[in-house]
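It should be emphasised that the depicted structure is a prediction, and the values quoted were computed from it without experimental measurement. Hydrogens, waters and symmetry mates play no part in the numbers below; they use all other heavy atoms, side chains included. Throughout, a chain's letter reflects where its sequence line sits, starting with A, and its residues are numbered from 1.
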Amino acid sequence: MSAQTLSPLASAGTTTSNEAADSFLGRWGALILLIGFLGIPLLALLVFSFATAWSGTVLPSGYTAEHWIGALTSSDVLSAVGRSLFLAVAVCLINWVLVIPAAYVSVVVEPRIRPWFQALSVVPFALPWIVIAAGMQLTVKEIAPGLFGTVGLLVLTLSAVTFPYLYWAVENSLITNNAKQLSEAARMSGASLPRTLLQVIVPAIRTGVMSGSLLTAASVFGEFPITMTLIGGGYETLPLWTLRMFSGRVPGAGAELAAVSFATFALLFAVSLLITRIDTTSKPADPVRPPARIS
Amino acid sequence: MNLERLGRTAPAIPLLVLGLVCLIFPLLVLLHISLQVRGGYGLDNFIDVFSSSVDRAALGNSLQFALWQAGLCVVLGTPIALALVRLKGRARSVVMSFINVASSFGGPGLAFAFMLLIGTTGVLTTIWSQLFGQADFPSLGSMIGLNVIMLYVHLPLYLMLSLPSYALLRNEWREAARMSGAGFWRFWRQVGIPTLAPFALGNGLQIFMWSMGAYAIPYVVTTSPASIDLISIEIGRDLESSVFGVERAATLAVILMLLAIAMMWIYRMLQRRGERIL
């Protein structure tokens, strides 16, 4: 999010110098506490990932890069990253195909369908994902046991629970870019519906598509409860790898876990900064637009 | 519905089907399983759950944990959100990105980070015991430990939810209040708190809801028998082992679902009230 996204913030930022001085301590105090609380655990991960040994002492006894090299060249880590990336890309592709036309229809063609999508998009936002995972597992076991434990089922379920990220972003973009007029103009000049969508609408809303997709990808990449419940250790994604490392029984796992966790945070931070850059045009239209959610 | 309109809405139908099949239908199945008794429908499964001391404890722990998280977020998050609202430009977008990532960083890696800090051989535990003698920090799987770790995820979430509404507290109002002689406390008592309260409560409720369903972190830190039991984890363990049969998992899931629906309803009400004030 940027200053422009939350435009009321910009005007709220101006204060008289007197008042600013009054609240200077409180303001920076609060922010420093926040950054400290969020930063110290990351620092611990970073230090541990470079430590030869660190247990029961204030500082590690020595430093080494071998855990990083070990983690980044481990075939387990690489294939877990591969699986998580595959899930993220597959879910994004499915959601592009399903969500963009649906959002287009509900904004431009038939607004009466909009409440349906708004109601549907509240479900994965309000309900714990473990509840959805439970429902899906029991449903599949009852109706189509052969599907249980398949990657296809996982991809479909993840597409369903993450569709609101893309839907909200695309809907916002369609509204702010006057998609209705755009598409009327395109249709008047004789463009077919697929052509209108691909050549006029999608280019106009690409920032919304990008920011929605990045949110989707980030939350699929770190998804735990649904993956654990629907497929488990049979398909070790990165979060499931971190679980195996955490549960121990693998000697020296902690330092690799620390390295990978820190790297994941850094990567997501970079992606998030990227979203900030991209997401300067769309404004949140719905007050219940959720942030990416994993746990 | 005529054919032409059906044709025009057709591109929206696949998503509708996905939503109905993967989001709505499974919930109906859960409801169906939870209400099933021998030879028909009944509330027996719910009676079983509420009369079992293990399940009652899990439900109680979840409610208590969620209440703590919501309370901590409102109390700690409100001053931080007010400070963040005034941050500008580059610093703001960096802090926001940081918060954004932290809010989705809940997994075994985060649990491990806290173990490095406040675990039995953690660095803060070590520093504390060197300064003050024996350190007796709560374990990560205890109510306090879990609250500390989960705050890492929920405090940033709360901030992201609150910022848009907190920004609505206009600075001109503060000016106007000062012009008419109201001091700091008077302004907050009569303008600030009444304006922000519906939003703060609504966002607190949101955190409450998400805490009830928190999964990844509790899953990894509550494995020891001394740890607390949460309802979300009970559901997950049932699904993995099915020692208790699917009815218990489905019933617990329906209880979480009903709670979430109730919370959502209150949330919407609070939000409407908040918007009316503005």
Determine the option with the most heavy-atom pairs under 4.5 angstrom with chain B, choosing from Val123(A), Val140(A), Thr264(A), Leu243(A). Leu243(A)
Pairs of heavy atoms under 4.5 Å with chain B: top-ranked of Leu43(A), Ile100(A), Asn95(A), Leu98(A): Leu98(A)
Restricting to non-hydrogen atoms, name the atom on Thr237(A) and the atom on Ser84(A) that form the minimum distance, rounded to 0.1 Å. CB-OG, 3.3 Å
Side chain, backbone, both or neither: which part of Phe37(A) has a non-hydrogen atom closer than 4.5 Å to chain B? both
Option in Thr139(A), Leu38(A), Leu257(A), Leu138(A) with maximal non-hydrogen atom pairs under 4.5 Å from chain B: Leu38(A)
Is the distance from the ring center of Phe265(A) to that of Phe98(B) below 6.0 Å? yes
Answer yes or no: is there a donor N or O on one side and an acceptor on the other, between the side chain of Arg114(A) and the main chain of Val107(A), under 3.5 Å? no
Atom of Leu23(B), atom of Ala160(A) and distance for their closest heavy-atom approach: CD1-O, 3.7 Å
Report which part of Leu15(B) has an atom under 4.5 Å of a heavy atom belonging to chain A: side chain, backbone, both, or neither. both
Identify which part of Val254(B) has an atom lying under 4.5 Å from any heavy atom of chain A, answering side chain, backbone, both or neither. neither
By a 4.5 Å heavy-atom criterion (distance strictly below it), what part of Leu259(B) contacts chain A: side chain, backbone, both, or neither? neither
Tested for side chain to side chain contact (heavy atoms under 4.5 Å, CB included) against Ile226(A), the lone hit among Leu158(A), Leu153(A), Ile130(A) is Leu158(A)
Looking at the rings of Trp210(B) and Tyr215(B), which for Trp means the six-membered one, are their centres under 6.0 Å apart? no
Checking heavy atoms, do the side chain of Leu159(B), its backbone, both or neither come under 4.5 Å from chain A? side chain
Which atoms of Phe112(B) approach chain A - backbone, side chain, both or neither, heavy atom under 4.5 Å: both
Taking side chain as everything from C-beta outward and backbone as N, CA, C, O, which of these in Met115(B) sits under 4.5 Å from a heavy atom of chain A? Side chain, backbone, both or neither. side chain
Does any heavy atom of chain B fall under 4.5 Å from the side chain of Thr229(A), the backbone, both, or neither of them? side chain
So which residue, Val29(B), Ile13(B), Thr126(B), ends up with the most heavy-atom pairs under 4.5 Å with chain A? Thr126(B)
Is chain A contacted by the side chain of Pro218(B), its backbone, both, or neither, given a heavy-atom distance below 4.5 Å? neither
Side-chain contact, heavy-atom cut-off 4.5 Å: Val246(B) with Glu142(A)? no
If you round to the nearest 0.5 Å, how far is CD1 of Ile32(A) from CD1 of Ile80(B)? 11.5 Å
Rounded to the nearest 0.5 Å, how far apart are CD1 of Ile266(B) and CD1 of Ile261(B)? 12.5 Å
Please state whether the side chain, the backbone, both or neither of Ser121(A) comes within less than 4.5 Å of a heavy atom of chain B. neither
Between Gly109(B), Pro108(B), Ala102(B), Pro156(B), who has the most heavy-atom pairs with chain A when the cutoff is under 4.5 Å? Pro108(B)
Of all of Thr242(A), Ile35(A), Thr157(A), Ile143(A), which one pairs up most often with chain B through heavy atoms under 4.5 Å apart? Thr242(A)
Turns out that what part of Ala111(B) lies under 4.5 Å from chain A's heavy atoms comes down to both
Report the distance from atom NE2 of His154(B) to atom CG of Leu72(B), rounding to the nearest 0.5 Å. 11.5 Å
With a 4.5 angstrom heavy-atom cut-off, which part of Leu116(B) approaches chain A: side chain, backbone, both or neither? side chain
Quick one: of Ala103(A), Gly39(A), Ala134(A), who has the most non-hydrogen atom pairs under 4.5 Å with chain B? Ala134(A)
Tell me, for Leu120(A) versus chain B, whether the close heavy atoms (under 4.5 Å) come from the side chain, the backbone, both or neither. both
Select, from Ala12(B), Gly236(B), Ala260(B), the one with the greatest count of heavy-atom pairs under 4.5 Å involving chain A. Ala12(B)
Could you tell me which portion of Ile113(A) (side chain, backbone, both or neither) has an atom closer than 4.5 angstrom to a non-hydrogen atom of chain B? side chain
If one checks every heavy atom of Tyr104(A) against chain B at 4.5 Å, the contacting part turns out to be neither
Would you mind telling me which of Ala102(A), Pro239(A), Ala270(A) has the largest number of heavy-atom pairs within less than 4.5 Å of chain B? Ala102(A)
Could you tell me whether the side chain of Met209(B) reaches within less than 4.5 Å of the side chain of Tyr267(B), counting heavy atoms only? no
As an exercise: rank Ile118(B), Leu151(B), Leu28(B) by heavy-atom pairs under 4.5 Å with chain A and give me the winner. Leu151(B)
Nearest heavy-atom pair of Ile207(B) and Cys73(B): which atoms, and what distance? CG2-SG, 3.9 Å
Closest heavy-atom pair and its distance - Gly119(B), Thr125(B): O-OG1, 2.6 Å
Separation between OH (Tyr152(B)) and CD1 (Ile40(A)), nearest 0.5 Å, reads 10.0 Å
Please report the closest heavy-atom contact between Leu45(A) and Ala113(B), naming both atoms and the distance. CG-CB, 3.6 Å
Select one option (side chain, backbone, both, neither) describing which atoms of Val131(A) are under 4.5 Å from chain B's heavy atoms. both
Which answer fits Leu31(B), side chain, backbone, both or neither, if we ask what part of it has an atom under 4.5 Å from a heavy atom of chain A? neither
CZ (Phe199(B)) and CG (Leu161(B)) are apart, to the nearest 0.5 Å, by 12.0 Å
